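Read through the structure below, which is laid out as structure tokens, and then see the notes.
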Amino acid sequence: MSIKLYNTLTRRKEDFTPLDPDRVTMYLCGPTVYSYAHIGNARPAVVFDVLNRLLRHHYKTVVFARNITDVDDKIIAASEVSGEPIDAITERFTDIYNEDMQALGVLPPDIEPRATAHMPEMIAMIAQLIETGHAYESDQHVLFSVTSYPDYGKLANRSLDDMQAGARVEVADYKRHPGDFVLWKPSADGQVGWDSPWGRGRPGWHIECSAMSARHLGKTIDIHCGGIDLIFPHHENEIAQSCCAHPGTPFVRYWVHNGFLTMNQDKMAKSVGNVLTVNELRKRVHPEVLRLALLSAQYRQPLDWNEDVVQQATDRLDKMYCTLRSVENIQLSEDELTPGEEMLAALGDDLNTPKALAVMAKLVSRINVATDDDERRVAKAQLLASGRLMGLLELPLNEWLQNCQGRALSSEQINALVTEREHARANRNFQRADEIRQQLTDASVQIEDSNEGTLWKFLQ
Ligand code: AMP
Ligand code: ZN
């Protein structure tokens, strides 16, 4: 079974083949920890978590690294405003980020390197870039010289001439080319900094990922992912640094980027002022609903966030959990939990999560129309195994059902409950049948048993 991924570098879908099938490597640029993650920031974490799960299904060992950017001008600025020490801010928001992601069902990364713990690696890489003529010192800064790397601009499909022409007038005068970017910058007295051959200072953002991915995953990594806003300049600069520091060795084999989460078609971003933080959202919407909503669009497409998206995700989960409850009596062993070919094909096709959700909906219908327990058993096993790949349906049934109490039922949910009640009665499980009747009554639904089956209507 193959996995195809759209590679931003080659601009086409490619068959994924790892460099070493016994050790697949994946790197995702992680958060800058000075404030809460918004639901747009959660999109890469969640969609690439599905990729991580899919890779783990196919390969024995996957090493997934997601870094923590804990040194950055925005963190320094936040500390200056609030007076809270930098370490306290970064520790607090690292914990909050990890709690939020855990709530969204994101598996923890195998390695979570922090930038501040990798100064020697960054300093060594910068020194090497200077030595080989790819970087230069200027006015206490160290800059990468973009003209020293002929492939600069290839990922983003931009030429140096365009960059020169598009450069603003106020380019810092210590730069030889307007596209040159900072590898090291000076820190003022009292500002956070580390000793280096170029004076006390701190690294630029891009060098962090080059140094940490090489240190933990090796010079060549299989998959590097992030949002499309990172293609330029961040990932373009990572390529320039890593390829020049390790000449002749490819840096990344598949570049994979997610599209934006928007609100009324505007990118969700702090600078736009339209952010919904995961921390706030999950107080009023179950985090599994948030996760399903994030997976309801294919990851490269834009996803417009609104109440309908959330409501649809809620309805889908209600339906799946209600159906699972109707087959609660079927006990499955771990070995039986294998996803079907159709599910693997959907996810293997550049993570087509909308199609994967449609496959899960089909399995729900199969359970509901099945005429015997063997059929139900196979469909339940496939549904749960598909859920595992998507990071869904892993809650104890009761937790979900408690969560949906008091919510009006959709007609699909009512149909699922009515079918479940019919099964319960057929199996002489009258206690369960009565519970369902009560649940329907509580939701103002009246049922009537007739020769044609159970009829229902809303009470006025
Ligand atoms: P930032 O904190 O801006 O560096 O973003 C962290 C991650 O979230 C990066 O991979 C960004 O590409 C991604 N990201 C930020 N905003 C959005 C958005 N509105 N939609 C999707 N991804 C986003
Ligand atoms: Zn990065």
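Numbering of ligands and ligand atoms starts at 1, following listing order. All figures in this text were calculated on a predicted structure; none of them were measured in a lab.
Q102 and N98 share no side-chain donor-acceptor pair at under 3.5 Å. Residues T249 and T220 have side chains that never bring a donor and an acceptor to within less than 3.5 angstrom of each other.
With hydrogens left out, the protein atom closest to atom 5 (O) of ligand 1 is N41 ND2, 3.3 Å, a heavy atom. Closest protein heavy atom to atom 19 (N) of ligand 1: M268 O, 2.9 Å. Looking from atom 11 (C) of ligand 1 to the surrounding protein, the closest heavy atom is D229 OD1, 3.4 Å. Ranking protein heavy atoms by distance to atom 9 (C) of ligand 1, first place goes to L230 CD1, 3.8 Å.
Across the listed options G227, P44, A42, G40, P44 owns the non-hydrogen atom lying nearest to atom 7 (C) of ligand 1. Proximity annotation for atom 20 (N) of ligand 1: of L261, V275, V47, L261 comes nearest, heavy atoms only.
Residues F144 and H206 are not in side-chain contact: their nearest non-hydrogen atoms beyond the backbone lie 4.5 Å or more apart. Looking at Y27 and V63, their side chains never come closer than 4.5 Å, going by heavy atoms from C-beta outward. Contact annotation: the side chain of D229 approaches that of K267 to within less than 4.5 Å [non-hydrogen atoms, C-beta and beyond]. I123 has its side chain within reach of W184: a pair of non-hydrogen atoms, C-beta onward, lies under 4.5 Å apart.
Using the six-membered ring where Trp is involved, Y321 and W400 have ring planes that are parallel, under 30° apart on the 30 and 60° scheme. Using the six-membered ring where Trp is involved, H257 and W255 have ring planes that are parallel, under 30° apart on the 30 and 60° scheme. Ring geometry for Y36 against F93 counts as perpendicular: the plane angle is over 60°, on a 0 to 90° scale with 30° as the lower cut.
Evaluated for a side-chain contact (heavy atoms from CB on, under 4.5 Å) with V285, the options I39, L276, L290 yield exactly one hit, L290. The residue from L392, L104, T314 that alone fulfils the side-chain contact (heavy atoms from CB on, under 4.5 Å) condition with E288 is L392.
Numbered from 1 in the order shown, with element, the atoms of ligand 1 that lie under 4.0 Å from a heavy atom of G259 read 21 (C).
Between C225 and ligand 1 there is no heavy-atom distance shorter than 4.0 Å. A heavy-atom separation below 4.0 Å is found between N258 and ligand 1. The closest approach between H257 and ligand 1 stays at or above 4.0 Å for every heavy atom of the residue.
Protein N, O or S atom count below 2.8 Å of the Zn ion (ligand 2): the structure gives 4.
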